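Comments concern the structure below.
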Amino acid sequence: MNRPTSAAVAALLLPAGVASAQEAMYTEAATMPSPGTVVVREQLHYTKFGYHPERGTRTTEEIEWESMVYVGVARAWSLRLTLPAVWRTDEFPDSTGRENDSDHGVEDFDLQFKWRVYQSDTGGVNTFRAALLGGAEIASGDDSDFSSKSVNPYIGGVVTKVSGRHGFNQDLIYQFNTGGDKADNFGGGGPDDALYFNSAYLYRIAPAQYTADSTGAWYVTAEMNGLYETGGDTELRFAPGLMYEGRTFGFEIMAQLPLWHDLDERAELDLSIGVGIRLLF
């Protein structure tokens, strides 16, 4: 019996790996589940912000749980729904005489459609793909501490290239904000429109080559996450991480660190850490 080639093994192993993953934590990818396939992605984030000029807080700490469901709707079409719950603690300067405040709620839902407009597979896992993104953040019904109480549509695109052990994603998304306020904005959730621009690099550290015994793959990732708001606030973050992708299960752990910022109306990031799992059905 002939031993399977690495290309054949990759095609069997990675219906979720290349076809619907190669997606780091904070950057979109031009990959998607096949029709009828469902991927559940759960993420838990801890984030600490510094002084917020509009909110008057010295520091803010958040724990956010994001539940995401990806559905392959048709060939080259997919749908994603994101449901975020947040626990937030504000610490105020001693000079204000205000006590620390803790609250929790549900942030705006995110409904996104993705349309793959280009695909070129050149053998094995090698591919180049481009997709258009469209959707909206939709009011959750919670109060203004967590919900914008509005519908905020967005449009954008993403390209993905996988070449051997290397993967690269680049997205660009513009969001039209129709609600929100400055005091409750921690990035993209205020009254100003927001432009997101994110880059991700993934390197497969194991296996070096796929074989008949391969059951998954480990990646190190590095992301550059950018956000510009039309009020002028701009920041860049660096996000290193580690990710595992198997046939039906995936795991990811990543951090975000401040790289550069020019912020006048919202808090700067001090640190963010995220962990997540993915389940393919």
Side-chain angles (χ1 to χ4, degrees), residues 10 13-34 37-45 66-73 76-84 110-119 121 125-135 154 156-173 196-205 216-226 237-256 272 274-281:
L13 262 180
L14 298 177
V18 172
S20 65
Q22 287 285 347
E23 182 176 358
M25 184 171 281
Y26 306 107
T27 305
E28 299 282 354
T31 51
M32 62 187 64
S34 57
T37 300
V38 176
V39 177
V40 176
R41 190 178 185 186
E42 301 286 345
Q43 292 182 347
L44 183 66
H45 303 269
E66 285 190 313
S67 296
M68 289 167 277
V69 179
Y70 300 71
V71 180
V73 177
W77 285 90
S78 69
L79 169 69
R80 184 186 75 198
L81 176 63
T82 303
L83 307 175
D110 186 343
L111 182 63
Q112 181 191 97
F113 288 93
K114 184 186 297 183
W115 175 33
R116 187 176 63 242
V117 296
Y118 180 80
Q119 177 176 342
D121 299 330
V125 298
N126 297 342
T127 186
F128 180 82
R129 304 182 184 191
L132 297 179
L133 310 172
Y154 60 83
V158 57
V159 295
T160 293
K161 181 175 177 60
V162 180
S163 179
R165 299 171 72 176
H166 306 272
F168 177 78
N169 298 314
Q170 177 65 55
D171 71 32
L172 185 68
I173 301 170
Y196 298 88
F197 47 99
N198 301 293
S199 305
Y201 170 71
L202 303 89
Y203 178 72
R204 192 180 75 237
I205 54 177
W218 286 92
Y219 299 84
V220 290
T221 66
E223 297 180 67
M224 193 78 71
N225 307 125
R237 302 175 180 179
F238 173 66
L242 178 69
M243 184 171 70
Y244 171 78
E245 288 179 350
R247 294 174 181 172
T248 60
F249 173 79
F251 169 79
E252 55 194 341
I253 180 169
M254 298 182 188
Q256 268 193 331
S272 184
V275 295
I277 61 171
R278 311 181 202 194
L279 303 173
L280 174 67
F281 297 93

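As the structure is a computational prediction, the values presented were derived from the model and not from experiment.
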Checklist entry - Can you tell me if Q22 uses its side chain to pair, donor with acceptor, with the backbone of T31 under 3.5 Å? => result no
Checklist outcome for this item: Smallest heavy-atom separation, A222 atom then F238 atom, equals CB-CE1, 4.0 Å
Item to check | Side-chain (N126) to main-chain (G164) donor-acceptor, under 3.5 angstrom | outcome: yes
Checklist entry - What orientation do W77 and W115 show, parallel under 30°, tilted 30 to 60°, or perpendicular over 60°? => result parallel
Item to check | Shortest non-hydrogen contact between M32 and A76, atoms and distance | outcome: SD-C, 3.4 Å
Item to check | Distance-minimising heavy-atom pair for A30 and R129 | outcome: CB-O, 3.6 Å
Item to check | Residues N169, L202; criterion side chain to side chain contact (heavy atoms under 4.5 Å, CB included); working and verdict | outcome: CA-CA 9 Å; N169 298 314; L202 303 89; 3.8 Å; yes
Item to check | Heavy-atom side-chain contact between E28 and Q112 under 4.5 Å | outcome: yes
Item to check | Note, V158 side chain near I173 side chain (heavy atom, < 4.5 Å) | outcome: no
Checklist entry - Which pair of heavy atoms, one from A239 and one from N225, lies closest together, and at what distance? => result CB-OD1, 3.6 Å
Checklist entry - Between D171 and N198, is there a donor-acceptor pair closer than 3.5 Å when you use the side chain of the first and the backbone of the second? => result yes
Item to check | Beyond-backbone contact of L242 with I205, side-chain heavy atoms, under 4.5 angstrom | outcome: yes
Checklist entry - Do the side chains of H45 and Y26 get nearer than 4.5 Å, heavy atoms only? => result yes
Checklist entry - Can you tell me how far the CE atom of M68 sits from the CD atom of Q43, to the nearest 0.5 Å? => result 3.5 Å
Next on the checklist: Do D121 and Q119 pair up side chain to side chain, a donor and an acceptor below 3.5 Å, judged on atom types alone?
Outcome noted: yes
Checklist entry - Are the side chain of K161 and the backbone of H166 linked by a donor-acceptor contact shorter than 3.5 Å? => result no
Item to check | Test item: R165 side-chain N/O and R204 main-chain N/O as donor-acceptor pair under 3.5 Å | outcome: yes
Checklist entry - About how many Å separate CE of M25 and CD of E252, when rounded to the nearest 0.5 Å? => result 4.0 Å
Checklist entry - If we only count heavy atoms from C-beta on, is the V39 to F281 side-chain gap below 4.5 Å? => result no
Item to check | Separation of T27 OG1 from F168 CZ (nearest 0.5 Å) | outcome: 9.0 Å
Checklist entry - Could you give the distance from CG (L280) to CZ (F249), rounded to the nearest 0.5 Å? => result 12.5 Å
Checklist entry - In a check of side-chain hydrogen bond (donor to acceptor under 3.5 Å, both in side chains) between Y70 and each of K114, R41, R278, which one passes? => result R41
Checklist entry - Can you check whether D110 reaches Y154 side chain to side chain, under 4.5 Å on heavy atoms? => result yes
Checklist entry - Taking all atoms of both residues into account, what is the closest heavy-atom pair of A200 and E223, and its distance? => result CB-CG, 3.7 Å
